[in-house]
Number of protein chains: 4
Amino acid sequence: MSTTPTFKRLPRAVREQQMLDAAVKVFSRRGFHAASMDEIAEDAGISKPMVYAYLGTKEELFVACLHREGTRMMEAIAGVINPEMPADQRLWHGLRAFFRFVAAHRDGWVVLYRQARGEQPFAGELAVMRARMVEVVAGMLDRALRADGREVREIDLEIQAYALVGASESLADWLADRPDADPDQLAARMVNIAWLGAGQLLSGEVWRRPTEG
Amino acid sequence: MSTTPTFKRLPRAVREQQMLDAAVKVFSRRGFHAASMDEIAEDAGISKPMVYAYLGTKEELFVACLHREGTRMMEAIAGVINPEMPADQRLWHGLRAFFRFVAAHRDGWVVLYRQARGEQPFAGELAVMRARMVEVVAGMLDRALRADGREVREIDLEIQAYALVGASESLADWLADRPDADPDQLAARMVNIAWLGAGQLLSGEVWRRPTEG
Amino acid sequence: MSTTPTFKRLPRAVREQQMLDAAVKVFSRRGFHAASMDEIAEDAGISKPMVYAYLGTKEELFVACLHREGTRMMEAIAGVINPEMPADQRLWHGLRAFFRFVAAHRDGWVVLYRQARGEQPFAGELAVMRARMVEVVAGMLDRALRADGREVREIDLEIQAYALVGASESLADWLADRPDADPDQLAARMVNIAWLGAGQLLSGEVWRRPTEG
Amino acid sequence: MSTTPTFKRLPRAVREQQMLDAAVKVFSRRGFHAASMDEIAEDAGISKPMVYAYLGTKEELFVACLHREGTRMMEAIAGVINPEMPADQRLWHGLRAFFRFVAAHRDGWVVLYRQARGEQPFAGELAVMRARMVEVVAGMLDRALRADGREVREIDLEIQAYALVGASESLADWLADRPDADPDQLAARMVNIAWLGAGQLLSGEVWRRPTEG
DNA sequence: CATGAATGAGGCTTCATTCAT
DNA sequence: CATGAATGAAGCCTCATTCAT
C-alpha cells in the first residue's frame with residue numbers, strides 16, 4: 001500500500017498472469033473448495049468480475065492453474081534432458097530440474113500434487129499429466145534395459161515407473177515442507193536410490209517371495 | 001403405533017460404526033468439502049441431529065474417520081510383522097498387508113491418502129501417522145544396516161524411508177483405481193524394487209554425481 | 001405484526017401453501033426475473049433455505065405456482081360444467097366461472113397469463129394448459145355443429161377456438177385491471193359475442209373475401 | 001494501420017437501426033431481463049459503450065424497440081385502411097396487414113406482445129398502444145352500427161373491441177409459432193368470425209342469460 | 001468516435017448447525 | 001432418544017454501467 005503504486009488498466013495478458021499467480025497461491029494455501037473467489041480476486045488486486053471475464057469459472061480457473069504449473073514443470077524438466085545423454089545422466093538432470101522446480105514453486109507444486117488429487121473433477125486432468133510422466137520414465141528404463149540386452153514385461157516396467165515417480169513425488173512433498181533443504185542434494189540421493197535399484201533390475205537379480213499362501 | 005419397534009434403538013457403538021461407514025463412503029466419493037452432512041446422515045439411515053450428537057462437527061467426524069481408518073491400517077500391518085523375522089520378511093509381510101488393506105478398503109484409503117492430504121485442517125493429523133510409518137521403515141532399514149556393520153547418516157535413512165513409503169503409496173493409489181489387480185503380486189513387485197535398492201545401500205555401492213556446479 | 005401472532009414450526013403442508021401464496025403474489029407483481037427469492041421468502045414469513053428445501057429452485061417454484069393456479073382455474077371451470085347441459089349453457093357457466101376466478105385471483109391470473117408467456121422456460125408448460133383449453137372449446141363447438149348436422153374442417157375449428165380463447169383471455173386481462181368490474185356481466189357479454197358468432201357458423205353463413213390477390 | 005477503413009464510421013442513423021435490429025432480436029429470444037447488453041452489443045457488431053451513447057439505458061433501449069416495432073405495425077395497418085371503404089373491407093385489409101406484419105416480423109411481435117406485457121415497467125407503454133388500437137376498432141364498429149341506425153352503449157363497444165383485438169392477438173401469436181402458416185388465410189378466417197359476430201350485433205339479436213342469480 | 005478494462009451491486013443457491021417437539 | 005423444522009452465513013456468478021485510453 002505504500003511502496004509500488006498499483007497501476008490501473010493493465011493489458012489483459014498481464015492481468016491474467018497476476019490472477020493465475022494469486023489463484024495458485026490461494027488454492028495452494030486453502031485447497032480448492034475452501035478457496036474463495038473473493039480472496040483470489042483481492043489477492044490479485046482486481047475485482048471478481050474481471051477474474052470471471054478473463055479466466056472463467058472457479059473450476060476453469062483451477063484447471064488454468066493446473067495447466068500453467070504443469071506445463072512449467074514439464075518444460076523445466078524437458079529443457080535439461082537430452083536424448084543423447086546416458087541414462088543415468090538423464091535421470092540425474094531430470095530429477096534435479098524437478099526438485100529445483102518444486103523448491104522454487106512450492107505453491108504450484110502443492111496445487112498440482114496435493115489439491116488436484118483429492119478433488120474429483122481434476123483427478124482426470126492430473127492423471128493425464130502423471131501418466132505422461134510415468135510413460136517417459138518407463139521409456140527411459142526400457143531403453144536402458146534393452147541396451148543391456150534384457151527385456152522386461154510391460155506391466156513390470158509400468159509398476160517400476162510408478163514406484164519411481166511416487167518416490168520422487170513423496171520426496172518433493174517432503175521438500176515442499178522444508179524451505180531450507182537443498183534440492184540438488186535431494187536429487188542426488190534420489191538418483192542413488194533409483195539408479196541402484198534399476199541396476200539390480202539390469203543385472204537380472206530378483207527377490208523371490210516365500211511360497212506360502 | 002405405540003410399541004417401539006425392536007429393530008431400532010441399536011446400541012450406541014453400533015450406530016457410531018454405521019455413521020462412520022457412511023461418512024467414509026461419502027467423504028471418499030465427494031471429498032471433504034463437497035460432502036454434505038445431509039448425504040452422510042441419509043446414507044447412514046439416521047437423522048442429522050443424531051450424527052451431531054454422536055460424532056460432533058463435520059471436522060470432528062472427518063477426524064474420526066481418519067483415526068478409524070488409520071488405526072485399522074496400522075493394525076493390519078502391525079499384526080503380521082514380527083520383530084524376529086529377517087528384514088526382507090518383515091518388508092514382504094508388511095507390504096502385503098498394506099496392499100491387501102488398500103484393496104479391501106478402497107474408500108478408507110482414498111479418505112486417508114487423497115482427501116486428508118489436500119485439506120489443510122487434516123494435513124497435520126495425517127502427517128503424524130505418516131511420520132510414524134516413515135519412522136518404522138527407517139528403523140527397519142537402520143537395524144538391517146547396523147546388523148551388516150554399516151552406519152548411515154540419519155538424514156539418508158529418513159530420505160530412503162520417505163522414498164520407500166512414497167513409492168508404496170503411489171502403487172497403493174494405482175491399486176485403488178484397478179479393482180481387479182492382485183495386491184499380493186503388487187507387494188512382491190514392490191519388495192523386489194525396495195529390497196534390491198536397499199541391497200545396494202547395504203553393500204555400500206553409491207552413484208556419484210558429476211562434479212559440475 | 002400486531003394482530004395474529006406468527007406461529008413457528010408449522011407443518012410442511014401449511015408452509016408450502018404460505019410460500020406459494022407469497023410466490024404468486026411476488027411473481028405477479030414483479031415478473032419472474034425481477035422477483036427475488038428474498039422477497040418471496042420474506043413475504044412468506046420464512047427464511048430462504050426453507051423455500052429451497054420445500055419447493056426447490058426459483059424455476060421450480062414458478063412452475064409450482066403455475067400448476068397450482070392452473071389447476072385451481074381448471075377445476076373452478078370444470079366444477080360448473082355438466083356435459084348434459086346444452087352448449088350455450090356450458091359456455092355461459094364455463095365463462096362465468098372463468099371470469100369469476102380471474103376476478104378473485106388476479107395475481108394468479110397474471111402469473112399464468114402475463115408472466116408465463118413471456119419467459120421462455122415456461123412457455124411450454126403454459127402452452128400445454130392452453131392447448132387443453134382450446135381443445136375443450138373446439139370439442140364443444142364441434143359437438144354443437146355436428147348436432148346440427150354440419151361438419152367443419154379441423155383447422156377451422158382450431159382457429160375458431162383459438163380466437164374464442166384469445167378473446168376471453170383478453171377480457172380477463174381487462175378485468176384483472178378493473179377491480180370493480182362485474183365478472184358475471186362480462187361473462188354474459190362474452191357469451192353473447194361468442195354464441196352469436198357461433199350461431200352464424202351453425203347457420204352456414206360465411207363472409208367471402210374479395211378475389212383480388 | 002493509419003488510414004481509417006471506410007466501411008466503419010457509418011452515419012448515426014444507420015448504426016442506431018443496426019442496434020435496434022440486434023436488440024429486438026435478442027429481447028425477443030431471451031426476454032427483457034435475460035437479455036444482456038453484452039449480447040446485444042455483440043450481435044450489433046459494436047462495442048457496449050456505443051450502445052449506451054446512442055440509445056441509453058437498457059430500459060430506454062427496450063422502449064426504443066417497443067416504439068419502433070409498434071410504430072411500424074401501426075403504420076403497416078394504417079397504410080392500407082381507407083376511411084371510405086365499407087366496414088368489412090376495412091376490417092379485412094386491416095387484419096390482413098396485421099397478420100402479414102406479424103408473419104414478417106415475428107421477433108418484433110414477440111417483443112411487443114409477449115415480453116412487454118410481462119415486464120412491469122413497460123406494461124404502461126404497451127397499454128397505450130393497445131388502447132389506441134381498441135379505440136380504432138371500437139370506432140369502426142360504432143360507425144357501422146350508427147350507419148345502420150342502431151346505438152350501442154360505450155361499454156359494450158369497448159368490450160366487443162377488446163374481444164376482437166384479443167382474438168386477433170391470440171391468432172397472431174398462433175401464427176408467430178407456425179412459420180409456414182398463411183397470414184392472408186388467417187386474416188380471412190378472422191374476418192369471418194368477427195364480421196359474422198358483428199352482424200348479429202347489427203341485427204340486434206341477443207343471447208339472454210338465464211335469470212338465476 | 002470507439003473500445004478494452006474495470007467494478008459495485010445484487011441474486012441464486014447451499015450448507016453446517018441448532019431448536020422445539 | 002429421535003427428528004422435522006428452521007436459519008445465519010457465505011459462496012459463486014452475472015450484469016448494467018462507466019472510465020481512461
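Below, all heavy atoms of this structure are taken into account, side chains as well, without hydrogens, waters or symmetry copies. Reminder, nothing fancy here: chain letters follow the sequence lines and each chain counts from 1.
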- line: Answer for the Watson-Crick or wobble partner of F:dC1, both distances under 3.5 Å, is none
field: Partner nucleotide of F:dT14 by Watson-Crick or wobble geometry (both distances under 3.5 Å)
entry: E:dA9
message: Assess the residue pair A:W109 and A:R106 against the criterion (side-chain contact (heavy atoms from CB on, under 4.5 Å)); give the C-alpha distance rounded to whole Å, side-chain angles, the decisive distance to 0.1 Å, and a yes or no.
response: CA-CA 5 Å; A:W109 170 253; A:R106 278 165 228 274; 5.7 Å; no
field: Closest to the C:S36 side chain, choosing from E:dT13, E:dG11, F:dC19
entry: E:dG11
message: For D:R117 and C:Q115, which I'm curious about, is there any donor-acceptor pair between the side chains at under 3.5 Å?
response: no
- prompt: Quick one: do D:D43 and D:R29 make a salt bridge, cutoff under 4.0 Å?
  reply: no
message: In whole Å, I'd like the distance from the CG atom of C:L10 to the C1' atom of F:dA6.
response: 11 Å
query: How long is the line joining CE of D:M37 and P of E:dA5, in whole Å?
result: 20 Å
- request: Flag this pair as yes if the NZ/CZ of C:R15 is under 6.0 angstrom from the six-membered ring centre of C:Y54 and inside a 45 degree cone about the axis; otherwise no.
  value: no
message: Can you measure C:E39 atom CD to E:dG11 atom P for me and round it to whole angstrom units?
response: 10 Å
- prompt: Of the nucleotides F:dA16, F:dA20, E:dA2, which has the atom closest to the A:R9 side chain?
  reply: F:dA20
query: Using a cut-off of less than 4.0 Å, is there contact between a side-chain N or O of A:Y52 and OP1 or OP2 of F:dC15?
result: no
task: Would you mind telling me which residue lines up with the more 5' stretch of DNA chain F, B:P49 or C:S47, judged by nearest nucleotide?
output: B:P49
- line: By nearest-nucleotide position on DNA chain F, the 5'-leaning member of C:A53 and A:A35 is C:A53
- request: Output yes when at least one side-chain N/O atom of B:Y54 is less than 4.0 Å from OP1 or OP2 of F:dC1, else no.
  value: no
- prompt: In whole angstroms, how far is the C1' atom of F:dC13 from the CD1 atom of A:I40?
  reply: 14 Å
statement: Rounded to whole Å, the CD-C1' distance (A:E16 to E:dA5) equals 13 Å
query: Of C:K58 and B:K58, whose closest DNA chain E nucleotide lies nearer the 5' terminus?
result: C:K58
- prompt: Rounding to a whole Å, what distance do you find between C:D38:CG and E:dT13:P?
  reply: 12 Å
message: If you assign B:F32 and C:F32 each to the DNA chain E nucleotide with the nearest heavy atom, which residue ends up on the more 5' nucleotide?
response: C:F32
Whole-Å distance separating the CZ atom of B:R12 from the C1' atom of F:dC1: 11 Å
query: Would one find a side-chain N or O of A:R15 under 4.0 angstrom from OP1 or OP2 of E:dG4?
result: no
task: Measure from the side-chain heavy atoms of B:M50 and tell me the nearest of F:dT3, F:dA6, E:dG11.
output: F:dT3
- request: Look at the side chain of C:K48 against the base of F:dT7 and say whether a donor-acceptor pair falls under 3.5 Å; ignore hydrogens and angles.
  value: no
field: Side chain to side chain, C:F27 and C:H33, heavy atoms closer than 4.5 Å
entry: no
